[in-house]
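In what follows, every chain begins at residue 1, and chains take the letters A, B, ... in the order their sequences are listed.
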Protein chains: 2
Amino acid sequence: MEAQIDEILRKNQLSVTGSRKRILELFLMSNGALAHGDIEKKTGEKFDRVTVYRTLQTFLEKGIIHSIPTSDNSVLYALCKDDCSEGHHHDNHVHFICSDCGKTICLADVTVPQVKLPVGFLPQEYQMVVTGLCKDCR
Amino acid sequence: MEAQIDEILRKNQLSVTGSRKRILELFLMSNGALAHGDIEKKTGEKFDRVTVYRTLQTFLEKGIIHSIPTSDNSVLYALCKDDCSEGHHHDNHVHFICSDCGKTICLADVTVPQVKLPVGFLPQEYQMVVTGLCKDCR
DNA sequence: ATCTTTTTGCAACAAAGTTGCATGCTAGTT
DNA sequence: AACTAGCATGCAACTTTGTTGCAAAAAGAT
């Protein structure tokens, strides 16, 4: 794990620091999505709020994580698959948000279906979020 | 228009007040989505910030408007079609966000395709957001 | 070990959203 | 048309969330 974390950071030309390692570790452990707030809570007093913001921002730019749109006001982040290159996300799986426990789960096996758009629209990215009850909450 | 606004409010058992009329009018005029900030700007000094929040909240609950997921931190609202009943949104069209001009457009003719979920998941709502370039920005 | 560059924490700030309560308005009744 | 109960609004104060500049600290290269 330790080694994996280092490798991801190195591969993206990021210096290996405490906060980056810790936050990346959180993502690797939870195989779902995390909100900024979750991360702040889980890192506890260890890092400044600002550092968390900046780390997430950096990870986003490098394509290590991607943001997931939700219909309430929260923004979620999740690890990208390996084929996410800098700036270009090919993160085309469906995300599931449980309306009971609030967890977000990446349905890695469910691909986002492509839809036909009206003439004139040039699509770059498709995102799909399903809300409902997860396995554990039914 | 005036009559239409009154009817919508009455149909939802809401008392007809200045702010509700004005905000509903804004939605009817702009046939796209509006952010809270947009509404605040357009209503100018006329209504309190809190009133705008509460009005949007009420409209959401009544199913007059729905919220649209975006990948940045903003929340957008748009009018529901007539078949949105209280609490239950059947707002199953795709939303398009232009990465250049930032506008969000409801693609009312493009329905969200249903996907097969892994066993155990109980879906309640499907949402799909396409990012890209709109007609005007290509 | 030393130097340069990047990252962090702090402080101060700006923006976004919430809550309680007194006042004003709406809609229904007389 | 006037009255009233109940809902909606505005205000103030507050919390939460996100941003910026800058000095101190840590990382990576030599």
Side-chain angles (χ1 to χ4, degrees), chain A residues 2-3 5-26 33-62 64-65 67-77 86 102, chain B residues 2-3 5-27 33-62 64-65 67-77 86 102 104:
Chain A
E2 193 71 20
I5 291 172
D6 273 37
E7 198 207 311
I8 295 177
L9 291 175
R10 289 249 164 66
K11 207 170 64 186
N12 287 281
Q13 290 138 32
L14 290 174
S15 37
V16 179
T17 68
S19 63
R20 285 179 184 164
K21 279 199 285 187
R22 180 79 184 99
I23 292 175
L24 198 43
E25 188 188 27
L26 282 179
L34 296 172
H36 174 95
D38 296 333
I39 296 166
E40 253 187 68
K41 266 170 230 146
K42 288 186 185 173
T43 53
E45 308 289 292
K46 218 152 179 300
F47 304 108
D48 195 81
R49 226 157 48 82
V50 179
T51 303
V52 177
Y53 278 111
R54 288 197 269 227
T55 304
L56 288 174
Q57 190 55 43
T58 309
F59 284 0
L60 261 185
E61 281 161 12
K62 291 292 183 177
I64 299 174
I65 59 174
S67 64
I68 304 170
T70 64
S71 43
D72 63 342
N73 304 14
S74 63
V75 190
L76 295 169
Y77 302 95
E86 192 158 338
Chain B
E2 193 71 19
I5 291 171
D6 274 37
E7 199 206 310
I8 295 176
L9 291 175
R10 288 248 164 66
K11 207 170 62 186
N12 288 281
Q13 290 138 34
L14 291 174
S15 38
V16 180
T17 68
S19 65
R20 286 178 183 165
K21 279 199 286 188
R22 180 77 184 102
I23 292 174
L24 199 44
E25 187 188 27
L26 283 178
F27 276 111
L34 295 173
H36 174 96
D38 296 334
I39 295 166
E40 252 187 70
K41 266 172 228 145
K42 288 186 184 173
T43 53
E45 309 289 290
K46 219 151 178 302
F47 305 107
D48 194 82
R49 225 157 49 84
V50 179
T51 302
V52 178
Y53 278 111
R54 289 200 267 228
T55 304
L56 288 174
Q57 191 55 44
T58 309
F59 285 1
L60 260 186
E61 280 161 13
K62 290 292 182 177
I64 300 175
I65 58 174
S67 64
I68 303 171
T70 64
S71 41
D72 63 344
N73 303 13
S74 64
V75 191
L76 293 170
Y77 302 97
E86 191 157 341
T104 301

**Student:** In whole angstrom, give the distance that lies between atom NZ of B:K21 and atom C1' of D:dA8.
**Tutor:**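 The answer, rounded to whole Å, is 14 Å.
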**Student:** Look at the side chain of B:V50 and decide which nucleotide, out of D:dT19, C:dT19, C:dG17, has an atom nearest to it.
**Tutor:**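 Among the listed nucleotides, the one closest to the side chain of B:V50 is C:dT19.
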**Student:** Just how far, in rounded Å, is P of D:dA8 from NZ of B:K62?
**Tutor:**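 The answer, rounded to whole Å, is 9 Å.
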**Student:** In whole angstroms, how far is the P atom of C:dT26 from the CD atom of B:Q13?
**Tutor:**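 Roughly 19 Å, once rounded to whole Å.
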**Student:** Closest approach of B:Y77 and B:F27, non-hydrogen atoms and distance?
**Tutor:** O-CE2, 3.3 Å
**Student:** Counting only side-chain N and O atoms of B:R20, is one of them less than 4.0 Å from OP1 or OP2 of D:dA8?
**Tutor:** yes
**Student:** Return the value, rounded to whole Å, for the distance between atom NZ of A:K46 and atom C1' of D:dA26.
**Tutor:**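 The answer, rounded to whole Å, is 13 Å.
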**Student:** Between B:Q57 and B:R10, name the one whose nearest nucleotide on DNA chain C is closer to the 5' end.
**Tutor:**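 Per heavy-atom nearest nucleotide, the more 5' residue is B:Q57.
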**Student:** Any donor-acceptor pair under 3.5 Å joining the side chain of A:R49 to the base of C:dG9?
**Tutor:**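 Counting by modelled atom types and ignoring angles, no donor-acceptor contact under 3.5 Å is found here.
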**Student:** Output the single nucleotide from C:dT8, C:dT19, D:dG18 whose closest atom is nearest the side chain of B:R54.
**Tutor:** C:dT19
**Student:** Does A:R22 form a salt bridge (Lys or Arg N to Asp or Glu O under 4.0 Å) with A:E25? I'd like the steps, not just the answer.
**Tutor:** CA-CA 5 Å; A:R22 180 79 184 99; A:E25 188 188 27; 2.9 Å; yes
**Student:** Please find the pair of heavy atoms, one from B:D38 and one from B:A33, that lie closest to each other, and give the distance.
**Tutor:** OD2-O, 4.5 Å
**Student:** Over how many whole Å does the gap from A:D6 atom CG to D:dG28 atom P extend?
**Tutor:**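 Nearest whole value for this atom pair: 9 Å.
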**Student:** Taking the side chain of A:T51 as heavy atoms from C-beta outward, which of D:dT19, C:dG9, C:dA27 is closest to it?
**Tutor:**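 Minimum distance to the A:T51 side chain belongs to C:dG9.
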**Student:** Can you check whether B:A3's main-chain N or O pairs, donor with acceptor, with B:D6's side chain at less than 3.5 Å?
**Tutor:** no
**Student:** Using whole Å, report how far CG of A:L9 lies from P of D:dA26.
**Tutor:** 18 Å
**Student:** When the distance from CG of B:D48 to P of D:dC14 is rounded to whole Å, what number comes out?
**Tutor:**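 So the two atoms are 17 Å apart, to the nearest Å.
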**Student:** Where the side chain of B:R20 meets the backbone of B:S15, is there a donor-acceptor pair that is under 3.5 Å apart?
**Tutor:**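 At least one qualifying donor-acceptor pair exists.
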**Student:** Given B:I5, which partner from the list B:I23, B:L24, B:V16 fulfils the side chain to side chain contact (heavy atoms under 4.5 Å, CB included) test?
**Tutor:** B:L24
**Student:** Can you tell which of C:dC10, D:dG18, D:dG28 lies closest to the side chain of A:Y53?
**Tutor:** D:dG18
**Student:** Looking at five pairs on each end of the helix from C:dA1-D:dT30 to C:dT30-D:dA1, what is the angle between the two axes, given to 10 degrees?
**Tutor:** 30°
**Student:** Whole-Å distance between C:dG17 C1' and B:E40 CD?
**Tutor:**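 Interatomic distance, CD of B:E40 to C1' of C:dG17: 10 Å.
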**Student:** Identify the heavy atoms of A:L60 and A:S67 that sit nearest to each other, and give their distance.
**Tutor:**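 What the structure gives for the nearest pair is CD2-N, 3.8 Å.
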**Student:** For a quick check of understanding: with a heavy-atom distance under 4.0 Å over all strands, which category does A:S19 fall into, base, sugar-phosphate or nothing?
**Tutor:** sugar-phosphate
**Student:** Answer yes or no: does a side-chain N or O of B:S15 lie under 4.0 Å from OP1 or OP2 of D:dA8?
**Tutor:** yes
**Student:** Taking only N and O in the side chain of A:T17, is any of them less than 4.0 Å away from OP1 or OP2 of C:dT7?
**Tutor:**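 A:T17 to C:dT7 OP1/OP2: no side-chain N or O under 4.0 Å.
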**Student:** Which atom names give the shortest non-hydrogen contact between A:N12 and A:I8, and what distance separates them?
**Tutor:**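 Where A:N12 meets A:I8 most closely, the heavy atoms are ND2-O, 2.8 Å.
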